[in-house]
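Report on one structure; see the data block that follows.
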Amino acid sequence: MREKRPGCLVGLLKLFLLTAVFDWLQNRFGWGRGCSCTGCACGCLLLILFILFFLQILFGTHWLSL
């Protein structure tokens, strides 16, 4: 049975959307926003979540299929 994984175009689209959402969230809640503790904490939390989602997209996509 063949494994169903998205192809490279879907992976690139997901990475683009993830980057756009990450930039928007960093501008709204990330480093330098709010009180010093809340901006830093939210920025670190967003970075960790971004890295986890990035790795999930990177390793869950079949990059050689269209």
Side-chain angles (χ1 to χ4, degrees):
M1 185 175 276
R2 186 180 167 141
E3 185 179 337
K4 296 282 187 177
R5 294 191 313 183
C8 68
L9 294 177
V10 175
L12 290 175
L13 179 63
K14 286 181 181 180
L15 288 175
F16 172 75
L17 291 174
L18 181 66
T19 304
V21 169
F22 178 74
D23 289 340
W24 182 80
L25 286 173
Q26 282 292 356
N27 287 336
R28 299 276 298 175
F29 307 108
W31 286 292
R33 301 290 180 198
C35 300
S36 62
C37 293
T38 59
C40 183
C42 288
C44 290
L45 181 65
L46 288 173
L47 180 64
I48 291 169
L49 288 174
F50 172 76
I51 290 172
L52 290 175
F53 287 134
F54 174 76
L55 291 174
Q56 180 183 7
I57 292 170
L58 188 65
F59 292 115
T61 301
H62 190 270
W63 291 102
L64 299 177
S65 82
L66 294 174

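Here the structure is a predicted model, which is why all the values come from computation and not from measurement.
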Euclidean distance, [Y] [atom2] relative to [X] [atom1], rounded to 0.5 Å:
X: Leu18; Y: Leu58; atom1: CG; atom2: CG; value: 11.5 Å
X: Leu46; Y: Arg28; atom1: CG; atom2: CZ; value: 12.5 Å
X: Leu49; Y: Leu25; atom1: CG; atom2: CG; value: 9.5 Å
X: Phe16; Y: Ile57; atom1: CZ; atom2: CD1; value: 13.0 Å

Next item on the list: Flag the pair Phe54 / Thr19 as yes when at least one side-chain heavy-atom distance between them is below 4.5 Å, and no otherwise.
Entry: no
Hydrophobic cluster membership, with links at side-chain heavy-atom distances under 4.5 Å among I/L/V/M/F/W/Y: are [X] and [Y] in one?
X: Leu17; Y: Phe59; result: no
X: Phe22; Y: Ile51; result: yes
X: Leu13; Y: Val21; result: no
X: Leu15; Y: Leu47; result: yes

Next item on the list: Please name all residues satisfying side-chain contact (heavy atoms from CB on, under 4.5 Å) with Val10, sequence neighbours left out, ordered by chain then number.
Entry: Pro6, Lys14
Margin query: With a sphere of 6.0 Å drawn around CZ of Phe53, does it hold more than 12 non-hydrogen atoms of other residues, nucleotides or ligands?
Written below: no
